[in-house]
Amino acid sequence: MPDSYSPQYVEAAWYPWWEQQGFFQPEYGRSSVSAPNPRGVFMMCIPPPNVTGSLHLGHALTNAIQDSLTRWHRMRGETTLWNPGCDHAGIATQVVVEKKLWREQGLSRHQLGREAFLREVWKWKEEKGDRIYHQLKKLGSSLDWNRACFTMDPKLSAAVTEAFVRLHEEGVIYRSTRLVNWSCTLNSAISDIEVDKKELTGRTLLSVPGYKEKVEFGVLVSFAYKIQGSDGDEEVVVATTRIETMLGDVAVAVHPKDPRYQHLKGRSVIHPFLSRSLPIIFDDFVDMEFGTGAVKITPAHDQNDYEVGRRHRLEAITIMDSQGALINVPPPFLGLPRFEARKAVLAALKEQGLFRGVEDNPMVVPLCNRSKDVVEPLLRPQWYVRCGEMAQAASAAVTRGDLRILPEAHQRTWHTWMDNIRDWCISRQLWWGHRIPAYFVTVSDPAVPPGEDPDERYWVSGRSKAEAQEKAAKEFGVSSDKISLQQDEDVLDTWFSSGLFPFSIFGWPNQSEDLSVFYPGTLLETGHDILFFWVARMVMLGLKLTGKLPFREVYLHAIVRDAHGRKMSKSLGNVIDPLDVIHGVSLQGLHDQLLNSNLDPSEVEKAKDGQKADFPAGIPECGTDALRFGLCAYTSQGRDINLDVNRILGYRHFCNKLWNATKFALRGLGKGFVPSATSEPGGHESLVDRWIRSRLTEAVRLSNQGFQAYDFPAVTTAQYSFWLYELCDVYLECLKPVLNGMDHVVAECARQTLYTCLDVGLRLLSPFMPFVTEELFQRLPRRTLQAPPSLCVTPYPEPSECSWKDSEAEAAMELALSITRAVRSLRADYNLTRIRPDCFLEVADEATGILASAVSAYVQALASAGVVAVLALGAPAPQGCAVALASDRCSVHLQLQGLVDPARELGKLQAKHSEAQRQAQRLRERRAASGYPVKVPLEVQEADRAKLQQIEAELKKVDEAIVLFQKML
């Protein structure tokens, strides 16, 4: 066995062996997945990562939690499937391939054409798409790779088409012209999750793709509309943050109760640049207190205005095309890019004397998180999913308790979101993705008038073009040859196919063994940030299309932030690749990764500074096991995790401790050691054997209880404490004299207990630390020849197997440990590092005396003491002893006479006393100064009070020591 733990050595070969042996397949060890299993079934599907992506620490957290749960269920004997998959990530993938195409060939996708472009995307996917699977394997994720799915696979694509057609036939999917989030750079609608909200406090210049100069945001421009038909210069002043949209204004709105405008009922204002007048309308939505109380209405470019426009039956005039250039406006504005038009409109208003001022205005600018473009609300015909009824069903499932959402704090958010749900826009103007199986119908029959895009009647859907043709012929009452179909160019929102994932992976709508066994699944585990974008849609679509919930429980983990609590962001330089934590990386290596990213040169420098501040020496090699254990240890039930890589390094040291402990234990067991057939005690166990078995029982109880409650820190703490503070720090130390002693019966009992601790302890840790535990477990002898070949398919320790709770032994060892702590504290106080001083225990009663005598040998071993003697009741301790309290029933007297030079120690103590007195006096004067309670912040006052308390306690100890050494002179 190598001398020290090396993550690289330990993690090199186990994963391929696990995979090759089929341990991760639910079929392992059984005739078929549908074979009855009294232990039950555990099924969970992975939140499919984007095919473009490489894993970051957020993914690593997700996978550490999911794999720990999967391994725990598998070791409990359940038919266990954790299904892998990858998402085609429509926008993200298209953007990556378009950039690559432009960089390498100088071509746009339009120049290449749709079919050729899609071939390029598939080529890219085959080359790069496996990177994410490689990273998942490096993390030790025990996924069944035979069942890996990609959302664009034929099986999953068939499910997407089926779902769309069924929902369209039922009227759940419909076509409508509404305002959508539009990215002019991508030339597509985008979902809410793809919109970043940038908060501005006032005037700010932002870079916008396609514009050489920065664009001004965060200002409110006021201008006047003249009242039509007024004799004088009567006007209404309105204000806007998007002055260019005034070219699409169709009305001015005021509040019905605003006294300033009552006389304008039925009147209009004149648009200065257009040959139209705009009615003044009265609507409750207007805030009388804001600005002048008059608001311009642009229904085609603002959500609130759109609603007002519908109420008042106003025309919605679109003034921008899909690339953000102005249309339906007169020269000189026609054809201008939207932010060039912003300047032109402002100049024209000033020229006509209608400009009334500009002021700073805090606002939120919506940015497309893929292209960094400013999102524009545009009216577009799109496909929508009617969500009202489906949301009610999803909400009711949680209310009834059929679906549990944990932590429960998220349930209120779930209900709020479901109660206020809007219909979901599922069209995307992309080429990469599931092309919408809907066709626009043209009928070559004079009796049938030609249709227009927004008219739903002229759209049919079908599982194939032939089916759609038949439907159209039936709908319009003509023969099939008179129908021409044009398939919609758009693709479906990626979240639509993701929403079908729990059943599409099993071949739905076709029946299969996997579908009947593994659907519905058991659990969905993911980050709380995609509760609605993904989880809610899976629940709604699952209930609607299969009549069943896709899973019974949802566990939402926290979001990983950096050590300073900041969100992980490439531009901050704090996005960490889990592989860098596993293998380690130099600071230069981190810098080099930035150069290969898509960051602007200015952002690269900022990111480098961030890396330099956080990782001045790079990131040390921590290994997979330490990373997984650390991430799970962080996962308290809070919302966010501030991850400090140094803490992960601490768990690498823990792995080292496991390694050394097992190495020592194997030496102690000896070459010929044969474990007994069961883990039950043999009957001759010593007090410390009984104690460690009792502590092991508690670790097993807490581990199972924690896994059941998704309380991962409770599990990691129980296991860490058992291995480090109980097994290594106490039991192994107490064992050294026993294993080298002459009592062979006691030594054999100790060896059997030690073996049980290793066997059970490694099985407990295995879900979190699969590599190091497998490596160590394979070096242990087996209890039976029928034992499973790998730790990952060995039964997890359960309370019924480990029921050795022993309160008596725990009480006795608690006294031993209290005495040990007191002795160690005195040794530190008197700098007795290399000497083994004698120790005398003064007890308050006979029972404590008997207990202290029983544990004296353990105190000797643990405290590195000389003789440990219990004084007779009432007998004084020898002269020259330092005293400390071990408990309210026991005091420790540590013999110093002859071990230290009293005169020398007195000199040191008196100097220490003077310095402490000086510090205490300074603090007292500071606290007594006039104005201290008012001027000094409360937290500083509290720190001063605590410091003074600490110095006074130190002075008391120094005084006691001075008295002691004076007696020894």
Side-chain angles (χ1 to χ4, degrees), residues 42-51 53 55-73 81-89 92 132 135-136 139 141-143 149 151 191-194 394 397-398 403-411 413-414 417-418 493-505 518-542 549-561 567-568 578 628 631-632 634-641 643 707 709-712:
F42 175 78
M43 191 276 156
M44 176 171 62
C45 59
I46 194 172
N50 287 355
V51 69
L55 294 183
H56 52 65
L57 277 179
H59 293 114
L61 171 69
T62 305
N63 282 280
I65 292 171
Q66 291 182 6
D67 192 43
S68 304
L69 283 166
T70 301
R71 286 175 179 272
W72 178 64
H73 282 282
L81 170 62
W82 183 22
N83 209 107
C86 211
D87 193 274
H88 65 278
I132 209 129
Q135 287 178 306
L136 287 169
L139 286 169
S141 304
S142 61
L143 292 145
C149 290
T151 48
S191 67
D192 291 345
I193 200 174
E194 287 149 348
V398 172
L403 176 65
R404 283 183 72 208
I405 298 178
L406 301 167
E408 287 182 355
H410 292 293
Q411 292 188 13
T413 326
W414 175 268
W417 196 76
M418 291 302 183
D493 179 8
T494 305
W495 294 104
F496 187 82
S497 50
S498 303
L500 310 174
F501 199 72
F503 48 93
S504 66
I505 56 176
F518 297 120
Y519 186 82
T522 314
L523 172 71
L524 190 280
E525 196 286 334
T526 189
H528 67 71
D529 53 335
I530 56 170
L531 176 60
F532 305 118
F533 296 106
W534 188 44
V535 183
R537 284 160 180 174
M538 282 190 286
V539 171
M540 293 194 299
L541 290 168
L549 283 164
F551 26 75
R552 294 191 293 276
E553 282 188 324
V554 175
Y555 173 73
L556 302 163
H557 65 247
I559 299 303
V560 182
R561 295 179 179 273
K567 201 173 174 188
M568 297 280 187
R628 289 167 55 114
L631 287 168
C632 291
Y634 263 107
T635 314
S636 60
Q637 302 268 334
R639 272 185 167 254
D640 293 336
I641 293 169
L643 184 81
F707 268 125
Y710 305 112
D711 187 353
F712 300 100

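Quick caveat, the model's predicted, so the values are computed rather than measured.
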Set of residues satisfying salt bridge (Lys or Arg N to Asp or Glu O under 4.0 Å) with respect to Arg404, sequence neighbours excluded: Glu553
For Pro84, all residues meeting side chain to side chain contact (heavy atoms under 4.5 Å, CB included), sequence neighbours excluded: Leu143, Trp145, Ala148
Under the side chain to side chain donor-acceptor pair (under 3.5 Å) test, residues paired with Ser68 that sit two or more places apart: none
Full working for side-chain contact (heavy atoms from CB on, under 4.5 Å) between Thr522 and Arg552: CA-CA 5 Å; Thr522 314; Arg552 294 191 293 276; 3.4 Å; yes
Minimal non-hydrogen separation, Ala394 against Met540, with atom names: CB-CG, 4.0 Å
Atom pair NE2 (His557) and CG (Leu406), whose distance is rounded to the nearest 0.5 Å: 14.0 Å
For the student: nearest non-hydrogen atoms of Ala536 and Met418, plus distance: CB-CE, 3.5 Å
Audit row: Leu631, Ile65, side-chain contact (heavy atoms from CB on, under 4.5 Å) steps and yes/no: CA-CA 8 Å; Leu631 287 168; Ile65 292 171; over 6 Å; no
Gap separating the CZ atom of Arg71 from the OG atom of Ser141, nearest 0.5 angstrom: 8.0 Å
Residues that Asp87 engages under salt bridge (Lys or Arg N to Asp or Glu O under 4.0 Å), provided they are two or more places apart: none
Ser191: side chain to side chain donor-acceptor pair (under 3.5 Å) partners, not counting sequence neighbours: Glu194
Tyr710 and Leu69: CA distance, side-chain angles, deciding distance, side-chain contact (heavy atoms from CB on, under 4.5 Å) verdict: CA-CA 9 Å; Tyr710 305 112; Leu69 283 166; 3.9 Å; yes
Candidate list Phe551, Phe503, Phe501, test ring pair (Phe, Tyr, Trp, His ring centres under 6.0 Å), partner Tyr519, passing option: Phe503
Contacts of Phe533 that satisfy ring pair (Phe, Tyr, Trp, His ring centres under 6.0 Å) - sequence neighbours left out: none
Of all pairs that satisfy salt bridge (charged side-chain N to carboxylate O under 4.0 Å, His left out), the ones with a partner from residues 493-504, not counting sequence neighbours: Arg428-Asp493
Heavy-atom pair with the smallest gap, counting every atom of Ile46 and Gly85: CG2-N, 3.3 Å
Residues in side chain to side chain contact (heavy atoms under 4.5 Å, CB included) contact with Thr526, at least two apart in sequence or another chain: Pro47, Leu524, Ile530, Trp534, Val535, Leu556
Over all atoms of both residues, closest heavy-atom pair of Leu61 and Ala558: CD2-O, 3.4 Å
Minimum heavy-atom distance between Gly499 and Pro502, given as atom pair plus value: O-CD, 4.0 Å
Which residues share a side chain to side chain donor-acceptor pair (under 3.5 Å) with Trp72, sequence neighbours left out: Asn704
Inter-residue atom distance Trp417.CH2 - His410.NE2, 0.5 Å rounding: 15.0 Å
Main-chain N/O of Thr70 paired to His73 side chain as donor or acceptor, under 3.5 Å: no
Side chain to side chain contact (heavy atoms under 4.5 Å, CB included) partners of Gln135, counting only residues at least two apart: Ser54, Leu55, Arg131, Ile132, Asp577, Leu579
Gap separating the CG atom of Leu523 from the CD atom of Gln66, nearest 0.5 angstrom: 7.5 Å
Between NE2 on residue His528 and OH on residue Tyr555, distance to nearest 0.5 Å: 10.5 Å
Between CG on residue Leu57 and OG1 on residue Thr62, distance to nearest 0.5 Å: 10.5 Å
Residues Thr413, Phe532; criterion side-chain contact (heavy atoms from CB on, under 4.5 Å); working and verdict: CA-CA 10 Å; Thr413 326; Phe532 305 118; 3.8 Å; yes
Side chain to side chain donor-acceptor pair (under 3.5 Å) partners of Ser142, counting only residues at least two apart: Asp67, Arg74
Non-hydrogen atoms of Val51 and Cys86 that approach each other most closely: CA-SG, 3.7 Å
Salt bridge (Lys or Arg N to Asp or Glu O under 4.0 Å) involving Arg537 - partner list, sequence neighbours excluded: none
